Engineer: 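First the structure, which I've put down as structure tokens, then a few questions once you've had a look.
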Amino acid sequence: MSAGWGGRLLAAASFWLAASAAHAADAELVATAKWQKKGDKLTVVIALSGALTQKQRDMIDGGFTTLSQLSLKLATGAKDEDDNDLPVFYGVRCSVKFDAWEEVYDVARLDDERPRAGTVKTFGDYGEMCLKAELEKPELVDKLAARGGTIFAKLVVKQTSTEEAEKIKDWLIQQQSGVMQSLFSHMLGELTLNQTASVRVSVPPKPEVVERVQAPDDAKRKG
């Protein structure tokens, strides 16, 4: 591995750290949840496909295996509340790879509630599967129905090239400095493409008229 590769790696690492710091200062995005009724079940729907940054979208469409994670935290309304101190109450993890030749997305939803895998034709279909939360637990829904509330959402997208990861590993092996080996071994995971979007979701109180949608079971019976 040439010294030039090492220089490029150092430059890339510096750029990545600077970009991460700049991203941390980005303004928080805002979204609004909506109410739906599936059969007799009242549901709060939070669709966040549109909240992805352009970089995150490019990673998903880049042709490499990408992991996405959507997590939600319920705000308590306390003054100067820090969402980092709140527990996650809902999460969806997915693996996705865009096949540019076939123009399809190979998706695996990895969470425990609805683990499933499949091939979808559009980014919108992937978003329905992995970037949308449907809150149905009666205790939470009843609380939000009465007063509304705020939910903090985080969308994490991670991607790495296997080829680039192997080049970095090879370069590390050739380094004489134990300090450098330790530093870059630690940074190897950080050198994957990785970005987080934070979204403040406003949940309005339940309106008098709620949109009705077809429940999956109803669709099966009619199909």
Side-chain angles (χ1 to χ4, degrees), residues 1-2 4-31 46-72 88 90-111 114-133 152-173 183-199 201:
M1 188 70 62
S2 68
W5 167 255
R8 290 195 298 273
L9 180 57
L10 283 168
S14 299
F15 174 81
W16 174 251
L17 291 174
S20 298
H23 176 69
D26 286 350
E28 186 176 53
L29 300 172
V30 177
I46 301 173
L48 294 175
S49 295
L52 289 178
T53 67
Q54 186 60 51
K55 179 179 177 180
Q56 289 176 316
R57 177 66 187 267
D58 290 345
M59 281 191 270
I60 292 169
D61 289 337
F64 298 106
T65 298
T66 303
L67 299 177
S68 65
Q69 179 170 304
L70 164 63
S71 59
L72 302 180
V88 173
Y90 183 99
V92 177
R93 293 179 300 124
C94 284
S95 169
V96 58
K97 184 175 182 180
F98 178 64
D99 186 331
W101 183 260
E102 298 290 339
E103 295 187 339
V104 295
Y105 296 84
D106 293 320
V107 185
R109 180 162 164 158
L110 310 173
D111 61 292
R114 286 186 262 180
R116 60 189 188 275
T119 299
V120 298
K121 294 183 178 180
T122 69
F123 179 83
D125 292 335
Y126 158 70
E128 284 288 310
M129 192 171 176
C130 297
L131 303 175
K132 184 171 81 172
F152 298 112
K154 283 193 183 296
L155 288 166
V156 180
V157 177
K158 298 182 179 182
Q159 178 206 82
T160 187
S161 158
T162 302
E163 180 182 358
E164 289 300 301
E166 289 302 319
K167 286 182 179 180
I168 294 170
K169 289 178 182 178
D170 291 343
W171 185 79
L172 284 171
I173 291 172
L183 172 64
F184 279 93
S185 293
H186 175 73
M187 289 183 62
L188 184 57
E190 302 298 329
L191 287 171
T192 59
L193 294 176
N194 179 342
Q195 191 175 57
T196 299
S198 297
V199 187
V201 181

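Every value quoted in this text rests on a predicted model; they were computed, and no experiment measured them.
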Engineer: Is it true that a side-chain atom of Arg93 and a backbone atom of Leu67 form a donor plus acceptor pair closer than 3.5 Å?
Structural biologist: no
Engineer: With sequence neighbours left out, what residues match Ser95 under side-chain hydrogen bond (donor to acceptor under 3.5 Å, both in side chains)?
Structural biologist: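 side-chain hydrogen bond (donor to acceptor under 3.5 Å, both in side chains) check on Ser95 returns nothing, list empty.
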Engineer: According to salt bridge (charged side-chain N to carboxylate O under 4.0 Å, His left out), who are the partners of Lys132, at least two apart in sequence or on a separate chain?
Structural biologist: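 Scan of Lys132 (salt bridge (charged side-chain N to carboxylate O under 4.0 Å, His left out), adjacent residues dropped) gives Glu128, Glu134.
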Engineer: Indicate whether the side chain of Tyr105 and that of Thr122 have a donor and an acceptor atom separated by less than 3.5 Å.
Structural biologist: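 No donor-acceptor contact under 3.5 Å links the two side chains.
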Engineer: Not counting sequence neighbours, which residues clear side chain to side chain contact (heavy atoms under 4.5 Å, CB included) with Ser49? List them please.
Structural biologist: Phe123, Leu131
Engineer: Measure the shortest side-chain to side-chain distance between Cys130 and Val96 over non-hydrogen atoms and say whether it is less than 4.5 angstrom.
Structural biologist: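 No; the side chains remain at least 4.5 Å from each other.
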Engineer: Which heavy atom of Val199 sits nearest a heavy atom of Ala51, and at what distance?
Structural biologist: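 In this case the closest contact between Val199 and Ala51 is CG2-CB, 3.7 Å.
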Engineer: Do Leu155 and Leu48 have side-chain heavy atoms sitting under 4.5 Å apart?
Structural biologist: yes
Engineer: Going by side-chain hydrogen bond (donor to acceptor under 3.5 Å, both in side chains), name the residues that satisfy it together with Glu102, two or more places apart in sequence or in a different chain.
Structural biologist: none
Engineer: Over all heavy atoms of both residues, which pair between Val157 and Met59 is shortest? Give the atoms and the distance, please.
Structural biologist: O-CE, 3.9 Å
Engineer: Between Asn194 and Val156, is any pair of side-chain heavy atoms under 4.5 Å apart?
Structural biologist: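 Yes, side chains in contact.
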Engineer: If we only count heavy atoms from C-beta on, is the Leu52 to Ile60 side-chain gap below 4.5 Å?
Structural biologist: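 Side-chain contact under 4.5 Å: yes.
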Engineer: Distance from Ile46 atom CD1 to Leu70 atom CG, nearest 0.5 Å?
Structural biologist: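 It is 8.0 Å, given to the nearest 0.5 Å.
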Engineer: Verify side chain to side chain contact (heavy atoms under 4.5 Å, CB included) between Tyr126 and Ser68, making sure each step is shown before the conclusion.
Structural biologist: CA-CA 11 Å; Tyr126 158 70; Ser68 65; 2.9 Å; yes
Engineer: Consider only side-chain N and O atoms of Lys154 and Ser198, and report whether a donor and an acceptor are under 3.5 Å apart.
Structural biologist: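 Yes, because at least one side-chain N or O of Lys154 sits under 3.5 Å from a partner of the opposite role on Ser198.
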Engineer: Quick one: list whatever passes salt bridge (charged side-chain N to carboxylate O under 4.0 Å, His left out) with Asp61, sequence neighbours left out.
Structural biologist: Arg57
Engineer: How close do Arg109 and Val92 get, counting heavy atoms only, and between which atoms?
Structural biologist: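 In terms of heavy atoms, the two residues are closest at NH2-CG2, 3.5 Å.
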Engineer: What distance do Lys158 atom NZ and Thr66 atom OG1 have between them, rounded to the nearest 0.5 Å?
Structural biologist: 12.0 Å
Engineer: For the atom pair CD (Gln56) and CD (Gln195), what is the distance rounded to the nearest 0.5 Å?
Structural biologist: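 One finds 5.0 Å between CD of Gln56 and CD of Gln195.
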